[in-house]
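Both counts, for ligands and for their atoms, begin at 1 and track the order of listing. When reading the values below, keep in mind they use all heavy atoms of this one structure, side chains included, and skip hydrogens, waters and symmetry mates.
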Amino acid sequence: MKTGINVEEIFAKNVFTMGKMKDYLPEAVFLEVKRVIDFGGELSLAAADVVARAMKEWAMENGATHYTHWFQPLTGITAEKHDSFVTHPDAEGRMLMEFSGKELIKGEPDASSFPSGGLRATFEARGYTAWDITSPAFLKEAASGVFLCIPTAFCSYTGEALDKKTPLLRSMEAISTQALRIVRLFGNYQASKVVPLVGAEQEYFLVEKEKYMKRPDLIFAGRTLFGAPAPKGQEMDDHYFGVIRERVGAYMKDLNEELWKMGVTAKTQHNEAAPAQHELAPIYETANIAVDHNQIVMETMKRIAVRHDLRCLLHEKPFAGVNGSGKHNNWSLGTDTGINLLDPGETPNENFQFLLVMACVIKAVDTHADLLRQSASDVGNDHRLGANEAPPAIISVFLGEQLEDVVRQLVETGEAMTCKAGGKLMTGVSTLPDLVKDATDRNRTSPFAFTGNKFEFRMAGSADSVASPNTTLNAIVAEAFCEAADILEAAPDFEAAMHGLIEQYFCEHQRIIFNGNGYSEEWVKEAARRGLPNLATMVEAVETLTFDKAVRLFERFGIYTKAELVANQEILYETYAKTINIEARTMIDMAAKQLIPAIIKYTGFLATTINQITNAGASPKVQQRLLNNIQDKLEIMQKAMEHLEDLERVAITITDRKEQAYFYKEQVTVAMEELRVPADELEMLVDRELWPLPTYADLMYEI
Ligand code: ADP
Ligand code: MG
């Protein structure tokens with residue numbers, strides 16, 4: 001059997017690429033489309049009609065019957081409503097499938113069922129989706145058939161963004177405009193735009209479907225709400241980069257194939273630190289396309305898992321005590337002429353454009369550390385950030401040895417005369433080549449690490465869209481560029497002003513630079529001493545969205561209006577409350593209907609045994625001790641469950657969103673933990689045959 005895949009043949013088979021547009025469109029229309037993609041503006045309706053017809057023709061040749069405006073509402077996932085190309089049959093009853101320019105450019109899903117945070121009352125249901133021409137249309141092959149997906153932005157009747165894509169696109173325009181001002185100052189007149197480039201590494205877990213189906217917590221919450229640790233955890237470090245198991249390998253092969261067909265450049269795959277945890281990384285691309293593609297990656301991961309009788313867990317912390325999942329967001333800035341503004345070159349100390357860009361990024365991250373932290377928060381990520389595995393909840397920047405040294409020189413003397421070089425790594429074995437060494441080692445604990453020619457923002461949650469982190473990054477850096485350009489454009493002596501500014505920014509913002517161990521207790525104290533924000537949870541982080549500083553930033557660059565920020569904040573509070581509410585109810589349900597009955601069954605068995613042993617004239621000491629122990633814990637568990645029920649009743653009556661979110665965080669999540677502790681202890685005591693849930697060992701070691 002031939003199992004190989006011809007990647008060159010299948011790659012982007014299901015994408016309406018520029019190449020396909022060139023083939024399917026008359027030249028004039030193709031050029032118009034290309035111009036809009038490259039330089040913005042609007043497609044004429046006449047051209048849109050031609051594009052729509054061509055798209056439909058191509059889609060139908062590939063078996064499509066439907067199209068959908070594919071968008072990313074504020075739920076953080078994607079939405080689609082399928083319309084077929086079917087029209088009125090003609091007089092003879094023949095079907096002529098159609099798709100018009102109007103249908104391509106604009107859709108009108110009923111907006112009332114998507115979160116709007118008060119931007120749109122339910123009686124004003126109108127919402128529009130608008131084609132994002134810069135992200136290519138593609139075909140999805142699903143059980144429902146093949147359908148054409150048109151990436152779109154989603155706005156209200158009054159033009160407010162109801163999605164994640166619109167602000168992202170706005171932020172991309174802002175950073176392009178401001179970054180161009182910087183490169184112009186350094187004499188670059190060729191570049192006509194600057195594009196944020198993003199590569200999102202995606203972590204995930206796989207579990208067996210059959211076991212998943214036996215766990216209401218996985219089904220309803222996406223994570224285990226109960227579960228004692230397995231005898232073996234990840235202490236042996238034997239899973240990270242370990243040999244990929246056959247079953248997982250078959251899944252990855254299928255996943256890659258599907259992704260390649262949809263134009264996603266799945267590149268790297270490996271086992272991650274925790275058992276049953278894996279990672280997939282695509283090659284970086286323009287930010288909005290990378291965000292779309294990451295959504296496709298997440299959807300496809302779930303879909304292909306079903307095919308393999310597996311389930312893919314994207315939750316940030318599916319298992320307590322085991323590494324959680326994140327999404328490393330690699331970010332850099334490239335001109336349309338191919339220059340990476342974050343490329344230091346051989347001697348960064350002499351590369352002043354690079355140093356200025358770097359100084360601006362440092363300034364931006366220091367000024368808006370709170371917003372950056374917020375952009376990576378979601379409910380699941382609260383279990384991860386600061387929990388000794390993922391980056392801490394405190395934002396800092398890792399620059400690496402070489403750059404740190406350059407910055408030190410700049411701060412101390414006003415100029416950087418020298419630059420540490422990489423050198424050679426001697427392997428000490430004559431048959432192995434000596435390796436050229438990077439000038440900088442890696443640091444795995446920093447939330448925001450410079451890694452050669454890009455920044456790696458490691459805080460994002462595995463289940464979350466990376467739209468917000470990138471929107472925020474673009475916005476804050478655009479602001480820093482703008483402020484630098486304002487000064488430098490007006491300076492009589494550019495060179496002197498530029499040197500001064502680099503030194504000034506590094507001096508003023510050096511507190512954000514940290515090259516040590518971000519997981520350590522000392523860092524938490526040191527960060528507090530430096531005055532860096534430490535926003536431990538999502539609820540605290542969400543507050544920052546409407547601080548004056550944030551409103552000023554986002555309004556100035558046209559990325560969010562204040563009304564949109566308020567709306568986003570409302571939605572996030574609501575999402576937090578709803579999520580914890582579901583988790584708490586699931587716990588109560590499982591405790592009351594599955595765990596407590598199982599424990600009672602076991603205590604009944606022990607009691608009978610005790611009687612039998614006593615009747616037989618022996619002493620049931622061991623059984624009695626066990627029974628007492630279990631009874632004690634069962635009582636604690638029962639009380640904890642009732643307490644959680646009481647709190648739940650209160651929580652749902654709170655009408656103020658923020659107050660409610662805080663109540664869930666401060667009261668309900670604490671009570672959930674109090675219910676979990678005795679339940680997990682009981683799991684260790686009760687007969688395995690009677691325990692109604694697959695254990696951590698079953699879930700993580702048996703696929
Ligand atoms: P790691 O060492 O973290 O595995 P890789 O070099 O494999 O890093 O890259 C991780 C991700 O970063 C990939 O998605 C890759 O395409 C992306 N990446 C590489 N260079 C850049 C860049 N200049 N800008 C943005 N992303 C990049
Ligand atoms: Mg990485």
Before giving the answer on ring-ring contact (aromatic ring centres under 6.0 Å, His included), spell out for His499 and Phe352 the whole-Å C-alpha distance, their side-chain angles and the decisive distance to 0.1 Å.
CA-CA 8 Å; His499 287 282; Phe352 295 110; 4.4 Å; yes
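The aromatic ring centroids of Trp331 and Tyr284 lie 6.0 Å or more from each other. For Phe450 and Phe398, the gap between ring centers reaches or exceeds 6.0 Å.
Close contacts between ligand 1 and Ile283 involve ligand atoms 16 (O) [criterion: under 4.0 Å to a heavy atom]. Each of the following atoms of ligand 1 lies closer than 4.0 Å to a heavy atom of Asn453: 23 (N). Close contacts of ligand 1 with Gly199, meaning ligand atoms under 4.0 Å from a residue heavy atom, involve 14 (O), 26 (N). Of all the atoms in ligand 1, the ones that sit under 4.0 Å from a non-hydrogen atom of Asn340 are 23 (N).
Summarising the contacts of atom 15 (C) of ligand 1 with Ala281, Pro282, Ala449, the nearest heavy atom is found in Pro282. Around atom 8 (O) of ligand 1, the closest heavy atom drawn from Arg458, Glu456, Lys454 belongs to Lys454.
Under the 30°/60° scheme for interplanar angles, the aromatic rings of Phe154 and Phe71 are found to be tilted.
At least one donor-acceptor pair under 3.5 Å links the side chain of Lys317 to the backbone N or O of Val322. Judged by distance alone, the side chain of Arg247 and the main-chain N or O of His308 form a donor-acceptor pair under 3.5 Å. Between the Asn256 side chain and the Met252 main chain, a donor and an acceptor come within less than 3.5 Å of each other. Of the possible polar contacts, none joining the Asn188 side chain to the Val183 backbone as a donor-acceptor pair under 3.5 Å is found.
Neither the backbone nor the side chain of His328 has any atom closer than 4.0 Å to an atom of ligand 1 (non-hydrogen atoms only). In Lys267, neither the side chain nor the backbone holds a heavy atom less than 4.0 Å from any atom of ligand 1. Heavy atoms of Leu342 found under 4.0 angstrom from ligand 1: none, in either backbone or side chain.
Considering both main-chain and side-chain atoms, Thr268 never comes within under 3.5 Å of ligand 1 through any nitrogen or oxygen pair. Remark: ligand 1 and Trp331 share no N or O pair separated by less than 3.5 Å (distance only, no angle test).
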